[in-house]
Number of protein chains: 2
Amino acid sequence: MPPPAAVNIDVAAQAVDDNSASTTPAYLTVLGVDELRANSVFSGGIAALGLSDAFKSKSNTKKPVSKDFTYRLTLESKSRQVGATCVILSGGTYANVVPQPSPLKQAARYLSREGMISLGGGLPSSAYFPFDHVSVGVPGDNLFSETDIHEYAQKVTIGMHDMREGKSAYDLSVALNYGQGSGSPQMVRWVTEHTEIVHNPPYQDWASVMTVGSTSAFEMCLRSFCNRGDYFIADEYAFCSAIEAGRGLGIEAVGIHMDSEGMIPSHLDEVLSKWDEKARKAPKPFLIYLVPTGQNPTGSTQGTQRRREIYALAQKHDLIIIEDEPYYFLQMDKYVPGGNQNSAAPKSHEEFLKSLTPSYLSMDPEGRVIRLDSFSKVIAPGSRCGWLTTSSKICERLMRHNEVTVQAPSGFSQAILFKLLDEHWGHGKYLDWLVHIRKEYSTRRNIMLEACEKYIPKEVATWTPPAAGMFLWFKINSEKHPAHGKKASTAIEHDIFEAVVDQKTLLAKGSWFFAGPEGTDPSVYLRATFAAAEERAMVEGIRRFASALRVTFGLPALQESA
Amino acid sequence: MPPPAAVNIDVAAQAVDDNSASTTPAYLTVLGVDELRANSVFSGGIAALGLSDAFKSKSNTKKPVSKDFTYRLTLESKSRQVGATCVILSGGTYANVVPQPSPLKQAARYLSREGMISLGGGLPSSAYFPFDHVSVGVPGDNLFSETDIHEYAQKVTIGMHDMREGKSAYDLSVALNYGQGSGSPQMVRWVTEHTEIVHNPPYQDWASVMTVGSTSAFEMCLRSFCNRGDYFIADEYAFCSAIEAGRGLGIEAVGIHMDSEGMIPSHLDEVLSKWDEKARKAPKPFLIYLVPTGQNPTGSTQGTQRRREIYALAQKHDLIIIEDEPYYFLQMDKYVPGGNQNSAAPKSHEEFLKSLTPSYLSMDPEGRVIRLDSFSKVIAPGSRCGWLTTSSKICERLMRHNEVTVQAPSGFSQAILFKLLDEHWGHGKYLDWLVHIRKEYSTRRNIMLEACEKYIPKEVATWTPPAAGMFLWFKINSEKHPAHGKKASTAIEHDIFEAVVDQKTLLAKGSWFFAGPEGTDPSVYLRATFAAAEERAMVEGIRRFASALRVTFGLPALQESA
């Protein structure tokens, strides 16, 4: 096994903040990682089990232990056990809940014994993987633009036997073989450190488990906490894949009213306080699904106070919070109409992290938050690799779920991400990349907002400048539509959608995301994204949208100065 | 879009067999693929939907239509729909069952319209993927040994914009973005062609959908066909992850007795014919899980006649067959004790394919077989990429399941596999690789079998030479064990297991795989694999196992000639 990445003991031993050698923070920082690794043993061979506990800083031991929410688990989740005949080993897994991984994975753990010959697990020999190495062109030092990445790409290479040869802590012979349901120790270590640096969860027994993306992770959570006929709580406009995942399982969303900061606490409290199990024929819901930052589809971001209020209600009503945060690092400066939007970049990693709205995970001493993290919006969706963080008691159950379903993320994905994030960038440079990505999306947002101000008739469409994410949410004043009173609002929405399509521009319908409350009809909304289109196309798209609105609402065409 | 791979029209137009330019087979062959592609349009852009129907040969239209088994689907599977407000487009999906993909995926389909500006889907721009290219060292021409792969690796490269630049039918800008639940059109095309070449399913509306591996695919099938309290049918010793997946869902396996060819048809018929719903408190099971070739753990392979008998019973009892075939191409020549095992390599791809025992898929005109294919045992487990094949009516439902769970296999995996399998190798060279892999495993099997004959005391352990796969299954004559009559068979098994571990060798316990029949205890078995260990270690492992047996059973030590 190779040693951990090179350590500068003089610097690391002080566990310094980025900008101050005199403070010793009581939490893990970017510069503290080297020391942390230097004082721990890493084992990452074929099918090795490496759980978060091995990678967390000692500061965690001073925190309280989480509450036990396993009583909330479904029969399915509780039943996922290894039969009595299979139990041969203990240890190495999360405490308290069924300590045995599946028998074949257990057998794999014998491999580490000196001189052991395994004829046990059906793990193919890497001699039969038709690959020699994988090389990836990745960004050179702070050269993050698309052009720079192309012109000055640095090559990182993952060889078949780099571990044996002492070149790396990961290689293809391991990444391309079977792995554990927790994901590779290499990636579990990285996401654990990252999570501690960014969120520092305020209880000791938190853990992270790799996922094949937050869509899968959310569906696992639904199956782990809800039964057919149950409800879960969501924003009244919510990510439609989440709603659709629930629908197949017979678990409907209860939509809670929103304002510009997302879910309104008073309505959440009202819905839960007045929940009538008999009338609803369902127990009071306790699973709440939130995208607190740059919410999809509304683009709303919950401020710190809003989060504290919702967390307090979660305590009052004993809720489990699913915090789905693909856009967390896409938090932007406040948009000033007509103003100079070029604000200064953060001076340090600490300043950047402190500028972010605190996560639910960071304000949860009880372990009632399950945070879903994703590389989809900050690295690439096709990696199909993310992670979740919650108490180890719940993590263990979700890891078991992984074992008999997806197993683990792709080894190609894990190896390439490890090479980029851990060995090439390290935690600091990854934060630099996030700062870059955030700036790019801020610029895109600003361009779209300027186009909106220029073209869109405000008497029929209004919007709130998003503080994060990728989405701009237009409220359409359907009362001014010619068909108002004659057609249903969804029909009016469809007319507008089609009029925009006729102008060769595609927006998303608000009703696609509508999740109640029951008995209410959606108002007319349209969602635009500033994520994808080229900047000129984005402006032109908004111009066409505005033009379609003018035609549909019978407004005069905009007279543009040439 | 770039043109398909170079086509030799003169050759392809004849749709010739590998070895004869005079015959025109009524099915797709390796050499027919170029013609097939030349006569079809391929579209594989960002989030493009490409289903099997677009990639099958015309010969399929002459086949009968499958029966409709959707009545077997669970409420969960049937419920997975897109709500009425989401329906904006039709077309492009499988017929008969709910023709709408999720709204965001539908929206993505507008992208193909000329001049369309999309502000619709939240697909990130590839400008923010921190990669320039991925290069992979793959085997040079027929240089398949590990040493040759390392020394003569050829480099294949996937660029960010290879499609735009006309270099390839796939690139990172597509592979690393979001995709459809069916998997990328690039890989769906390849697996569809491969499946037709190898199995030529005898009905017209078959289709293949990408999976994140057969563990996930099987679990999807369980959820799609069985409810809590149901049973599914399995071999009495079965792949323990499959059993464990069922256990979490409250879907227990009913184990059917086996002989050296796996499941015994008469016992299957008896169990089903005598099924007592009242006594069992469960409906008669109809889902049957089989690993027909090189079964895990017993190593047994069902012959053609055995398969026909079980298929006939599937028709009699109206069963759905899950054909899980990771070891299908690891079919070996018959082992002749003491004989020369070096048989001739097949002279052509056709000869190779004809040498394989026909799959259930190939003998199923009704669409009652769901075949699970995997790259895990013939390329690499870490690819977490496979596919399933069944009627498009069922495929559509499983694709919907993918959409709200795993979405699609990793884009890194799909792009690397496409580069290797499609552009570098093509179908013919992939078959050559399979011939190579099969030969390697045959050699390993032979070495292990020779060691067994040399070392193992046959009075206490017997085995059948496996005809496929990776596993050797030892039946232990526990009646000769000193604790016979005093300890339960599982305790005796454990004693032997521990004795082998004490000799620093790891085997798998047979009881880990035991799936009934109810009320019966497992006999004592141990499983060895010849997949992983180096050849000398494998021989030494068998010697140690034999030594442990001699100690445990109180036999004299073997006198070895030096």
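Below, chains carry the letters A, B, ... as their sequence lines are ordered, and counting in each starts from 1.
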- What residue in B:A415, B:G137, B:S126 has the most heavy-atom pairs under 4.5 Å with chain A? B:G137
- Message: My understanding is that only residues two or more places apart in sequence, or in another chain, count here; which of them pass side chain to side chain contact (heavy atoms under 4.5 Å, CB included) with B:N177?
- Response: A:P381, B:I46, B:L123, B:P124, B:F129
- Choice from A:C385, A:P297, A:G411, A:G159 maximising heavy atom contacts with chain B below 4.5 Å: A:G411
- Applying a strict 4.5 Å limit to non-hydrogen atoms, the region of A:P409 in contact with chain B is backbone
- Proximal component of B:L75, with respect to chain A [non-hydrogen, under 4.5 Å]: both
- Query: So B:T405 and A:T405, side-chain contact (heavy atoms from CB on, under 4.5 Å) or not? Walk me through it.
  - Reply: CA-CA 10 Å; B:T405 56; A:T405 56; over 6 Å; no
- What's the shortest heavy-atom distance between B:F131 and A:I379, and which atoms? CE1-CG2, 3.7 Å
Pairs of donor and acceptor atoms involving the side chains of residues 528-538 of chain B, under 3.5 Å and at least two apart or interchain, shall be tabulated with distances.
| unit_1 | atom_1 | unit_2 | atom_2 | d |
| --- | --- | --- | --- | --- |
| B:T529 | OG1 | B:M470 | O | 3.0 |
| B:T529 | OG1 | B:A531 | N | 2.9 |

- Message: As an exercise, state the distance from OG of B:S410 to CD1 of A:I416, rounded to the nearest 0.5 Å.
- Response: 7.5 Å
- Message: What part of A:A408 gets within 4.5 angstrom of chain B, counting heavy atoms only: side chain, backbone, both, or neither?
- Response: backbone
- Relative to chain B, which segment of A:V174 carries a heavy atom at a distance below 4.5 Å: side chain, backbone, both, or neither? neither
- Task: Quick one: closest heavy-atom pair of A:W433 and B:Y128, and the distance?
- Result: CZ2-O, 3.2 Å
- Part of B:M220 lying under 4.5 Å from any heavy atom of chain A: neither
- Region of A:L472 that comes under 4.5 Å of a non-hydrogen atom in chain B: neither
- Query: Of all heavy-atom pairs between A:E146 and B:A127, which one has the smallest distance, and what is that distance?
  - Reply: OE1-CB, 3.5 Å
- Message: Please identify, among A:G469, A:S184, A:A380, A:G213, the residue contributing the most non-hydrogen atom pairs under 4.5 Å to chain B.
- Response: A:A380
- Message: For the CZ atom of A:R228 and the CD atom of B:E76, what is their distance to the nearest 0.5 Å?
- Response: 6.5 Å
- Message: If you compare all heavy atoms of A:M116 against all heavy atoms of B:T505, which two are closest, and at what distance to 0.1 Å?
- Response: SD-N, 3.4 Å
- Item | N/O donor-acceptor pair under 3.5 Å between A:R527 side chain and B:G120 backbone | yes
- Message: In the structure I gave you, are the side-chain heavy atoms of A:Y178 and B:S376 within less than 4.5 Å of one another anywhere?
- Response: yes
- Query: Where on A:F471 is there a heavy atom nearer than 4.5 Å to chain B: the side chain, the backbone, both, or neither?
  - Reply: side chain
- Query: CZ of A:R384 to CZ of B:R384: how many Å apart, nearest 0.5 Å?
  - Reply: 15.5 Å
- Task: Under 4.5 Å heavy-atom distance to chain A, tell me which part of B:Q503 shows up: side chain, backbone, both or neither.
- Result: neither
- Task: Check whether A:I437 gets within reach of chain B through its side chain, its backbone, both or neither, counting any heavy atom under 4.5 Å.
- Result: side chain
- Query: Closest approach of B:R80 and A:L249, non-hydrogen atoms and distance?
  - Reply: NH2-CD2, 4.1 Å
- Query: How many angstroms lie between CG in B:L119 and CG in A:L526, if you round to the nearest 0.5 Å?
  - Reply: 11.0 Å
- Item | Contacting moiety of A:I542, where chain B heavy atoms sit under 4.5 Å | both
- Please assess A:Q414 against B:F412 for the test side-chain contact (heavy atoms from CB on, under 4.5 Å), listing each intermediate value before the final yes or no. CA-CA 10 Å; A:Q414 291 196 82; B:F412 287 115; over 6 Å; no
- Message: Quick one, B:I117 and A:R544 - any side-chain contact, counting heavy atoms below 4.5 Å?
- Response: yes
- Message: Which residue is it: B:K155, B:Q154, B:H150? I am looking for the one with a side-chain hydrogen bond (donor to acceptor under 3.5 Å, both in side chains) to A:D132.
- Response: B:H150
- Task: Please look at A:H424 and chain B and tell me whether the side chain, the backbone, both or neither of the residue comes under 4.5 angstrom of a heavy atom of that chain.
- Result: neither
- Query: Relative to chain B, which segment of A:L420 carries a heavy atom at a distance below 4.5 Å: side chain, backbone, both, or neither?
  - Reply: side chain
- Message: Using side-chain heavy atoms (C-beta onward) and a distance below 4.5 Å, is B:E440 in contact with A:S125?
- Response: no
- Task: For B:Q407 and A:T215, work out which heavy atoms get closest and say how close.
- Result: NE2-OG1, 2.8 Å
- Note on the structure: Between the CD atom in B:E403 and the OG atom in A:S241, the distance rounded to the nearest 0.5 Å is 7.5 Å
- Report yes if some heavy atom in the side chain of A:P130 is under 4.5 Å from a heavy atom in the side chain of B:W425; otherwise report no. yes
